[in-house]
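Here the structure comes first, spelled out in structure tokens, and everything after it is commentary.
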Amino acid sequence: MNPNNSPRVRFAPSPTGYLHVGGARTALFNWLFARHFNGTFILRIEDTDFERSSEAMVDGILEGMRWIGLNWDEGPFFQSQRLSLYQQTAEKLVASRHAYYCFCTKEKLEQRRAQATAAGRPPMYDRRCRSIAPETAAARKSAGEAAAVRFSVPDGGSTAFDDAVFGRVEFANAEIEDFVLLRSDGIPTYHLSVVADDIDMRLTHIIRGADHISNTPKQVLQYRALGAELPVFAHVPLILGPDKTRLSKRHGATSVIAYKDMGIVPEAFRNFLALLGWSPGPGHKDREIFSSDDLIQLFNLDGISKSNAVFDNDKLAWFNTEYIRAYDPERLLPLIQDEWKAAEFTPSRSTGEILAAIDLLKPRARSLKDFATSFRAYFSDDFEYDPAAVTKFLSDPALPVLLEELAARYAAAPEFSEASAEQTLRDFAAEKNIKAGALINGSRVALTGQAVAPSLFAVMAALGKDRVVSRLCAVSKAPTSG
RNA sequence: GGCGCCAUGGUGUAACUGGUUAACACGCCGCCCUCUCAAGGCGGAGAGUUCGGGUUCGAUCCCCGAUGGCGCUACCA
């Protein structure tokens with residue numbers, strides 16, 4: 001409504017890795033917040049660490065964002081292309097005496113740090129360059145001496161901020177070192193670039209991981225020195241692995257794209273992620289399934305919890321089955337087609353047959369992958385028999401003959417429907433004095449290659465008479481003992 | 001080590017400003033269905049809210065301490 005009041009938020013990943021689960025959740029929260037309040041969601045790439053950043057990672061992050069369905073309104077902006085803003089900001093801070101040139105070399109600093117730790121002293125910068133007269137420093141600098149710019153942290157007192165999630169957080173200034181704003185090569189550190197950009201981009205709310213809480217006072221100090229209005233900080237608890245340590249590669253998949261590759265429905269992933277560290281409140285405690293629109297409508301900062309959350313693969317898997325089941329076959333089809341493409345599988349059925357088969361199979365699907373693996377027999381004649389299934393239900397030597405005979409019945413039958421197929425089979429079983437179950441289970445494996453499938457007669461109807469007949473006969477011709 | 005943050009079943013969360021048999025979901029276990037099951041239906045176990053003090057008629061909820069976990073502690077972000 002009022003453009004001046006609408007919030008502006010951002011997701012600011014650094015392209016030193018793919019989009020991981022934690023980053024994705026941060027992005028999601030920002031996106032939900034922006035959408036809920038009709039605000040602006042900005043994507044900013046923090047690539048000021050040239051050593052570790054790469055373009056490929058940027059692409060990976062964008063791909064991840066798109067997969068979860070998080071569209072941004074502005075950007076992506078690249079900090080590497082905004083260097084002059086940071087340099088100007090640093091100069092401004094130096095000019096106002098809030099920052100100073102530091103001529104200590106990286107090697108020297110490391111050395112002193114090592115000494116300090118060895119001596120049991122806190123390894124903070126000793127501020128020695130702070131006492132160099134500004135004129136002297138400027139002269140040395142213009143003479144060509146390499147200099148970093150450090151922020152001049154106030155001597156006493158403390159710096160506090162009111163976090164929307166954690167409440168008031170306070171740090172003694174004595175605990176904050178004179179951090180580097182601008183490296184000696186003119187590239188800004190994170191501390192400077194975030195603040196300069198957040199101010200420049202007129203961000204109103206900073207929603208980010210709780211690992212930034214300790215950095216926040218350094219930023220608050222800069223806002224004040226720059227005379228800028230403080231945004232609202234909202235720190236989000238971290239996502240941990242099952243062993244409650246920080247989620248990392250060693251916990252398995254941590255890249256968002258890995259979940260796509262596992263056959264997860266993007267909306268299921270989003271739903272799962274939204275509920276990690278956030279809850280819609282007591283009015284919705286009996287509900288777990290929330291569409292994107294639901295989430296947008298319900299999302300607010302108050303629902304964010306303070307404690308870290310453990311990533312539970314089982315629960316994600318459950319969300320996935322729920323979404324697959326709830327989606328119409330038409331909606332599932334493009335997702336499944338992606339799987340087929342990835343598996344280099346080409347279905348040989350009409351769209352109508354495909355859609356019907358998807359509808360039949362989806363209650364039993366654990367992931368989209370199933371449609372390209374264990375469900376292949378429904379979409380093509382190019383499929384394999386699961387050895388375990390063959391052993392379990394097709395090992396009786398009498399079966400192949402019986403199934404062939406049954407096939408003949410089907411071939412000769414005037415009609416072929418779910419009901420008639422069942423009738424034919426049961427009559428046949430009674431006639432032969434064998435248990436219908438044995439025939440049904442054997443047929444299931446013969447028709448689908450799997451021990452698990454929907455109701456056999458529904459499967460038969462989906463496959464059609466001709467395929468049922470030929471697959472039933474194929475058992476005796478090509479014994480597929482596993 | 002210093003500083004900061006957090007703490008409800010195995011996991012994610014709920015419990016209005018202190019008063020509930022501490023709720024829901026995932027997972028787990030069992031039973032049913034019977035043509036399979038990773039499907040469906042039904043049921044069950046599992047926390048007295050990390051521990052110890054305090055305030056209060058009464059604490060999951062407020063205060064203090066302990067313990068544990070996590071984060072930060074770079075010319076990384």
Side-chain angles (χ1 to χ4, degrees), chain A residues 12-17 46-49 51-53 79 102 104-106 109-110 113 117 120-125 146-150 163 166 169-172 174-177 179-185 187-191 193-194 209-217 235 237-238 240 242 244-246 272 275-289 303 305-319 321 325 362-366 370 374 389 392-393 422 425 435-445 448 450-457:
Chain A
S14 81
T16 53
E46 309 219 321
D47 55 350
T48 54
D49 183 347
E51 302 283 302
R52 300 192 304 148
S53 299
Q79 291 193 321
C102 173
C104 301
T105 63
K106 200 172 175 179
L109 291 167
E110 264 164 33
R113 197 159 28 236
T117 348
R121 282 178 285 118
M124 280 171 64
Y125 178 58
V149 175
R150 280 184 188 273
D163 193 280
F166 290 92
V169 184
E170 190 168 356
F171 291 81
E175 299 293 337
I176 307 169
E177 79 172 338
F179 53 97
V180 171
L181 294 168
L182 205 61
R183 301 145 150 136
S184 46
D185 60 4
I187 306 300
T189 63
Y190 162 75
H191 300 300
S193 57
V194 247
D211 48 344
H212 285 293
I213 289 180
S214 312
N215 291 325
T216 308
H235 287 95
L238 303 179
L240 310 177
K244 301 207 177 190
T245 63
R246 193 174 197 170
F272 169 69
L275 261 20
L276 267 189
W278 175 78
S279 109
H284 305 273
K285 79 175 183 82
D286 292 354
R287 197 151 68 108
E288 299 283 324
I289 303 296
S305 69
K306 293 194 194 97
S307 47
N308 295 339
V310 173
F311 188 95
D312 182 6
N313 271 302
D314 286 337
K315 186 129 187 190
L316 171 60
W318 175 78
F319 272 109
T321 62
R325 191 168 305 169
K362 62 178 192 170
R364 256 159 263 257
R366 301 286 295 172
D370 293 339
S374 53
K392 188 173 179 189
F393 293 124
E422 174 156 18
L425 184 142
K435 279 165 61 179
L439 232 37
I440 288 170
N441 288 331
S443 300
R444 173 176 293 107
V445 180
T448 69
Q450 301 292 315
V452 173
S455 168
L456 179 70
F457 305 106

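Worth saying up front: this structure is predicted, and the values here are computed from it rather than measured.
- As the counterpart of B/C51, B/G65 is assigned, both hydrogen-bonding distances of the Watson-Crick or G-U wobble pattern falling under 3.5 Å.
- The residue A/F457 sits close to a base: some heavy atom pair falls under 4.0 Å.
- At a threshold of 4.0 angstrom between heavy atoms, the contacts of A/S443 with the nucleic acid are absent.
- Taking the centre of each ring, A/F272 and A/F311 come in below the 6.0 Å mark.
- In this structure the side chain of A/Y190 never reaches within 4.5 angstrom of the side chain of A/Q79, judged on heavy atoms.
- Backbone-only contact: A/P188 has heavy atoms under 4.0 Å from sugar-phosphate atoms and none from a base.
- Note on A/E422: nothing from the nucleic acid sits closer than 4.0 angstrom, heavy atoms only.
- At the phosphate of B/A39, neither OP1 nor OP2 sits under 4.0 Å from any side-chain N or O atom of A/T321.
- Of the candidates B/U36, B/C75, B/A74, the closest approach to any side-chain atom of A/P123 belongs to B/A74.
- With both ends at atom C1', the span from B/C42 to B/A47 equals 24 Å, rounded to whole Å.
- Across every strand in view, B/C24 sits in a pair with B/G12 that passes the Watson-Crick or G-U test at under 3.5 angstrom.
- At the heavy-atom level, A/T48 lies under 4.0 Å from the strands shown only through sugar-phosphate atoms.
- B/C57 and B/G27 have their P atoms separated by 46 Å, with the value rounded to a whole Å.
- A gap of 45 Å separates the P atoms of B/A74 and B/G19, to the nearest Å.
- Heavy atoms of A/A309 sit under 4.0 angstrom from primed sugar atoms or phosphate atoms, though from no base atom.
- Nearer to the 5' terminus of RNA chain B, by closest-nucleotide assignment, is the contact made by A/P363 (compared with the other of A/H191 and A/P363).
- The distance between the ring centers of A/H235 and A/F166 does not fall below 6.0 angstrom.
- Annotation: B/C6 and B/C63 have their P atoms spaced 11 Å apart (nearest Å).
- Counting any heavy atom pair closer than 4.0 Å across all strands shown, A/E177 reaches sugar-phosphate atoms only and no base atom.
- For B/G71, the paired base is B/C3 (Watson-Crick or G-U wobble, both distances below 3.5 Å).
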Annotated protein contacts, base or backbone, on nucleotides 16-32 of chain B with a non-hydrogen cut-off under 4.0 Å, one of B, S, - each: -------SSBBS-----
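- Nucleotides B/G69 and B/C31 have their C1' atoms positioned 40 Å apart, rounded to a whole Å.
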Evaluation steps, salt bridge (charged side-chain N to carboxylate O under 4.0 Å, His left out), between A/R364 and A/D370: CA-CA 9 Å; A/R364 256 159 263 257; A/D370 293 339; over 6 Å; no
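- OP1 or OP2 of B/A14 sits under 4.0 Å from a side-chain N or O of A/S279.
- Under the 3.5 Å distance criterion, the side-chain polar atoms of A/R287 are matched with a main-chain donor or acceptor of A/I289.
- Heavy atoms of A/H212 sit under 4.0 angstrom from at least one base atom.
- Between A/E288 and A/W318 there is a side-chain heavy-atom pair separated by less than 4.5 Å.
- Contact check for A/L275 versus A/P280: side-chain heavy atoms found under the 4.5 Å cut-off.
- Put simply, the side chain of A/R246 and the base of B/C70 share no donor and acceptor less than 3.5 Å apart.
- A donor-acceptor contact under 3.5 Å is formed by the side chain of A/S184 with the base of B/C75.
- Here A/R325 reaches the OP1 or OP2 of B/G40: one of its side-chain N or O atoms lies under 4.0 Å away.
- Taking atom OH of residue A/Y190 and atom P of nucleotide B/C76, one finds them 14 Å apart after rounding to whole Å.
- Using a 4.0 Å heavy-atom criterion, one finds that A/G277 contacts the sugar-phosphate atoms exclusively.
- Contact check, A/K362 against B/A39: no side-chain N or O comes under 4.0 Å of OP1 or OP2.
- Among the protein residues, A/P13 comes within range of no part of the nucleic acid, since none of its heavy atoms lies under 4.0 Å from any strand.
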Start with the C-alpha distance between A/S307 and A/S305, add both sets of side-chain angles, then the distance that settles side-chain hydrogen bond (donor to acceptor under 3.5 Å, both in side chains), and finish with yes or no. CA-CA 6 Å; A/S307 47; A/S305 69; 4.6 Å; no
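- Phosphate contact (OP1/OP2 of B/A77, side-chain N/O of A/R183, threshold under 4.0 Å): present.
- A cation-pi arrangement is absent between A/R150 and A/F179 under the rule of less than 6.0 angstrom and at most 45 degrees off the ring axis.
- Each of B/C76, B/C75, B/C5 was ranked by its minimum atom distance to the side chain of A/V169; first place goes to B/C5.
- Taking only distance into account, the side chain of A/N215 meets the base of B/A77 through a donor-acceptor pair shorter than 3.5 Å.
- When each of B/U36, B/G71, B/G1 is scored by its nearest atom to the side-chain atoms of A/F393, the top-ranked nucleotide is B/U36.
- Taking atom CG of A/L456 as the reference point, atom C1' of B/C35 lies 7 Å away to the nearest angstrom.
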Counting primed atoms, P, OP1 and OP2 as sugar-phosphate and everything else as base, the B/S/- map of nucleotides 61-66 of chain B against protein heavy atoms under 4.0 Å is ------
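- Within the nucleic acid shown, A/L276 comes within 4.0 Å of sugar-phosphate atoms alone, with no base atom in reach, counting heavy atoms only.
- A heavy-atom distance below 4.5 Å is found between the side chains of A/E46 and A/V194.
- In B/G68 the base sits anti relative to the sugar, since the glycosidic angle is further than 90° from 0.
- Considering only side-chain atoms of A/I213, the nucleotide from B/U11, B/G4, B/C6 that sits closest is B/G4.
- Counting heavy atoms from C-beta outward, A/D49 and A/R52 have side chains that approach closer than 4.5 Å.
- In this structure, A/G303 and A/K392 both approach RNA chain B, and ranking their closest nucleotides by distance from the 5' end singles out A/G303.
- The distance between atom CG of A/L181 and atom C1' of B/C75, rounded to the nearest whole Å, is 11 Å.
- To the nearest whole angstrom, the two P atoms, one in B/G10 and one in B/U17, are 27 Å apart.
- For the C1' atom pair drawn from B/G9 and B/A22, the interatomic distance equals 11 Å after rounding to whole Å.
- B/C42 is paired with B/G30 under the Watson-Crick or G-U wobble criterion, all donor-acceptor distances under 3.5 Å.
- Rounded to whole Å, the separation between the C1' atoms of B/C64 and B/A59 comes to 15 Å.
- A close approach under 4.0 Å does occur between a side-chain nitrogen or oxygen of A/R113 and OP1 or OP2 of B/C75.
- Two residues are said to be in side-chain contact when any heavy atoms from C-beta on lie closer than 4.5 Å; A/S443 and A/F393 fail this criterion.
- Looking at the side chain of A/S14, the nearest of the listed nucleotides B/A77, B/C37, B/U8 is B/A77.
- A side chain to side chain contact (heavy atoms under 4.5 Å, CB included) with A/L456 is found for exactly one of A/T448, A/N441, A/I440, namely A/I440.
- Scanning atom types as modelled, one donor and one acceptor separated by under 3.5 angstrom connect the side chain of A/S455 and the base of B/C35.
- At a threshold of 4.0 angstrom between heavy atoms, the contacts of A/L109 include nucleobase atoms, whether or not backbone atoms are also involved.
- Within 4.0 Å of A/C104, counting heavy atoms only, lies at least one base atom of the nucleic acid.
- In this structure, the side chains of A/V445 and A/K392 stay at 4.5 Å or more apart for every pair of heavy atoms.
- Across all strands shown, A/S193 has no heavy atoms under 4.0 Å from either base or sugar-phosphate atoms.
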